[in-house]
Q: 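One structure follows; several queries about it will come next.
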Amino acid sequence: MHPPLTLHKHPMCAEIIEQFQKCHIEHPIAKFFGECTDLKIKLDRCFREEKALKRKANFEESKKLKEQLRALRKENAASSSS
C-alpha cells in the first residue's frame with residue numbers, strides 16, 4: 001500500500017508517480033498480474049528516501065528548538081536566582 005499519489009505532496013517522486021498512474025491507465029487488467037510492479041517498487045523506494053530526508057530535516061529542526069529552549073530555561077533560571 002502507498003500513500004495518496006498527489007504530486008504536490010511528493011515532489012521528489014513526481015515523475016515515478018506519473019509513470020505509475022499512466023501504467024495503471026494503459027493496463028487496466030494487466031496491472032493485477034504484475035505489469036506495473038517494477039514502477040511500484042521504484043515508487044516505494046522513492047517514498048522511503050523522501051521520508052528519510054523529511055525525518056532528518058525534522059530531527060535537525062527539533063535539535064535547534066531544544067537548544068533554544070535550553071538557552072531560554074538557563075536565562076530564566078539565571079534571572080530568577082538574581
Side-chain angles (χ1 to χ4, degrees):
M1 207 58 202
H2 51 74
L5 300 178
T6 53
L7 297 176
H8 68 276
K9 287 189 174 184
H10 305 285
M12 274 181 55
C13 306
E15 185 178 324
I16 300 171
I17 290 172
E18 288 173 349
Q19 291 172 356
F20 185 69
Q21 289 174 332
K22 183 179 176 188
C23 182
H24 272 235
I25 291 169
E26 291 176 355
H27 307 286
I29 304 296
K31 69 181 176 185
F32 296 113
F33 299 103
E35 183 68 32
C36 304
T37 302
D38 292 338
L39 287 171
K40 171 73 169 114
I41 292 169
K42 286 181 186 177
L43 189 61
D44 288 341
R45 286 185 186 142
C46 185
F47 284 153
R48 270 189 236 118
E49 289 174 19
E50 186 179 58
K51 187 173 183 177
L53 288 174
K54 286 182 181 179
R55 189 181 310 118
K56 185 177 180 180
N58 287 340
F59 181 69
E60 294 299 322
E61 183 67 24
S62 74
K63 280 173 49 176
K64 289 177 189 174
L65 290 174
K66 284 180 184 179
E67 277 302 313
Q68 289 175 354
L69 185 61
R70 282 190 192 114
L72 186 62
R73 285 181 181 163
K74 191 180 251 186
E75 182 181 306
N76 285 343
S79 65
S80 65
S81 64
S82 297

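Heavy atoms only: backbone and side chains are in, while hydrogens, waters and symmetry mates are out. Source: prediction; values computed, not measured. Numbers here are sequence positions counted from 1.
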Q: Any non-hydrogen side-chain atom of C23 less than 4.5 Å from a side-chain atom of K31?
A: no

Q: Could you give me the CA-CA distance, side-chain angles and deciding distance for K66 and K63, then say whether side chain to side chain contact (heavy atoms under 4.5 Å, CB included) is met?
A: CA-CA 5 Å; K66 284 180 184 179; K63 280 173 49 176; 5.7 Å; no

Q: Take a 6.0 Å sphere around NZ of K54 and say whether it holds more than 12 heavy atoms from other residues, nucleotides or ligands.
A: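 Above 12, so yes.
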
Q: May I ask you to check whether over 12 heavy atoms, not counting those of K42, lie within 6.0 Å of atom NZ?
A: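 Atom NZ in K42 is not crowded, with 12 or fewer foreign heavy atoms closer than 6.0 Å.
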
Q: Please check if the number of heavy atoms outside E26 that lie under 6.0 Å from its CD is greater than 12.
A: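 Count over threshold, so yes.
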
Q: Could you note down all residue pairs passing ring pair (Phe, Tyr, Trp, His ring centres under 6.0 Å) where residues 27-66 supplies at least one of them, sequence neighbours left out?
A: H10-F47

Q: Each residue besides M12 in its hydrophobic cluster should be listed here, by chain and number; the cluster joins Ile, Leu, Val, Met, Phe, Trp and Tyr at side-chain heavy-atom distances under 4.5 Å.
A: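 Its cluster partners, ordered by chain and number, are L53.
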
Q: When rounded to the nearest 0.5 angstrom, what distance separates CD in E15 from SG in C46?
A: 9.5 Å

Q: Using the salt bridge (Lys or Arg N to Asp or Glu O under 4.0 Å) criterion, which residues pair with E61? Sequence neighbours excluded.
A: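 None.
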
Q: Measure the CD1-CG distance between I17 and L7 for me, rounded to the nearest 0.5 Å.
A: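 Between I17 CD1 and L7 CG, I get 5.5 Å after rounding to 0.5 Å.
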
Q: Nearest 0.5 Å please: distance from the CD atom of E67 over to the OG atom of S62.
A: 10.5 Å

Q: As an exercise, state the distance from CG of N76 to CG of L69, rounded to the nearest 0.5 Å.
A: 9.5 Å

Q: How many angstroms lie between CZ in F20 and CG in D44, if you round to the nearest 0.5 Å?
A: 8.0 Å

Q: Apply the test side chain to side chain contact (heavy atoms under 4.5 Å, CB included) to residues I41 and R45: give CA-CA distance (whole Å), side-chain angles for both, the deciding distance (0.1 Å), then the verdict.
A: CA-CA 6 Å; I41 292 169; R45 286 185 186 142; 3.7 Å; yes

Q: Can you tell me how far the NZ atom of K40 sits from the CD atom of Q19, to the nearest 0.5 Å?
A: 15.0 Å

